[in-house]
Amino acid sequence: MKKILTPFVIKDMELKNRIVMPPMCMYSAKEDGLANPWHYSHYTTRAVGNVGLIIVEATAVSPEGRITDNDLGIWNDDQRDRLAAIVQAVQQLGSKIGIQLQHAGRKSQSAVLPHYSVSDQAFNREYIAPQKLKQEDYPMIADAFQQAAKRALEAGFDLIEIHGAHGYLLSEAISPLTRPELVLSERLKLLDQVIQAVKQVWPEQKPLQVRISASDWRDDGLSQTDLIQLAKHLKDLGVDSINVSSGGVSETAPRAFPGYQVPFSEIIKQHIDMATIAGGLINSIDMATEIIENRRADMVFLGRELLRNPYFVHQLARRFDVDDMVPTQYRRA
Ligand SMILES: Cc1cc2nc3c(=O)[nH]c(=O)nc-3n(C[C@H](O)[C@H](O)[C@H](O)COP(=O)(O)O)c2cc1C
């Protein structure tokens, strides 16, 4: 049996295989941030597809924390209840489901103001200038994440992923590009408060994950030493796994090619005993299998491939003759 089709356990969550659908914004909610039939069909289809772990798209902890006013939200009980219906269906179909909790910071384009940031500079000319958070404002952000985590628990999610990547609020706080005057431990203070607040309401036996931008793809950005220190710090704070992404703090784009982010996962695994999810432009059975077989990560994420092909896992299972990873209803296909 190929390892990619074997279970993986983090805390009380047992995944049936190592394939992860990473969070991907659908920009399909109305202003109320409620999940609708699009979201329900989208996520349950990947559960029929036997994806081990499905992570619901960036879901805002507050109205101004949305990237757009079409993002999902989790700042009220109606939003929680719509999400709960998706959670229940996905779990009944045998997949595990997490949610990415998000604050977009200065990369918000929501009509709700002000947009908060650790800087008073707009991201670029397409964005408006944010209101700079003082340290005494951090508890307000941490509290929004805590309330969201409480609702995520009530909705029945198996995992929380805190969005600490792609230049959104927590990510811009960490990067030296935004705050070159501060050392890493200072830049981590906002994320620290958010994690501590979430941990007060999220049960110890359920996994807590952070998505990070492991590199800014610039010499003056996050260094490899920073990455190792960041991962160690997350482990010390009780974070169970890292979803390894990159970029987004500045407009510098990565030199992207299949697997381009996997070496960051390897660096983390070489230095810290912690579960990682790696990916980026992975679109074939061979590429996904290689990453897991060679222990470069514990799980592999496939984003755009799973948008094109929700039944990637069925094809993987047929290739390696694993019958029970293809639903009986579809075996004659
Ligand atoms: C339509 C779309 C929406 C995305 N939305 C999110 C998001 O909500 N949160 C996030 O962390 N990454 C988001 N991403 C990035 C993906 O999770 C993933 O890291 C990226 O697409 C690279 O993986 P891939 O090459 O397998 O698609 C998005 C990507 C796409 C294509």
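Order of appearance sets the numbers: ligands from 1, and atoms from 1 within every ligand.
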Write out the protein residues near ligand 1, meaning a non-hydrogen atom under 4.0 Å from one of its atoms, in order of chain and number. P22, P23, M24, C25, A58, Q100, H163, H166, R211, G280, L281, F301, L302, G303, R304
Sequence neighbours excluded, the answer for side chain to side chain donor-acceptor pair (under 3.5 Å) partners of S41 is none
Taking atom CD of E186 as the centre, does the number of heavy atoms from other residues, nucleotides or ligands within less than 6.0 Å exceed 12? yes
Return the orientation label for the Y43 and H39 ring planes: parallel under 30°, perpendicular over 60°, tilted otherwise. parallel
Parallel, tilted or perpendicular: which one describes the rings of H166 and Y168, with boundaries at 30° and 60°? perpendicular
Give the ring-plane orientation class for H103 versus Y116, where under 30° counts as parallel, over 60° as perpendicular and anything between as tilted. tilted
Ring-plane angle category for Y311 and Y330, please: parallel below 30°, perpendicular beyond 60°, tilted otherwise. perpendicular
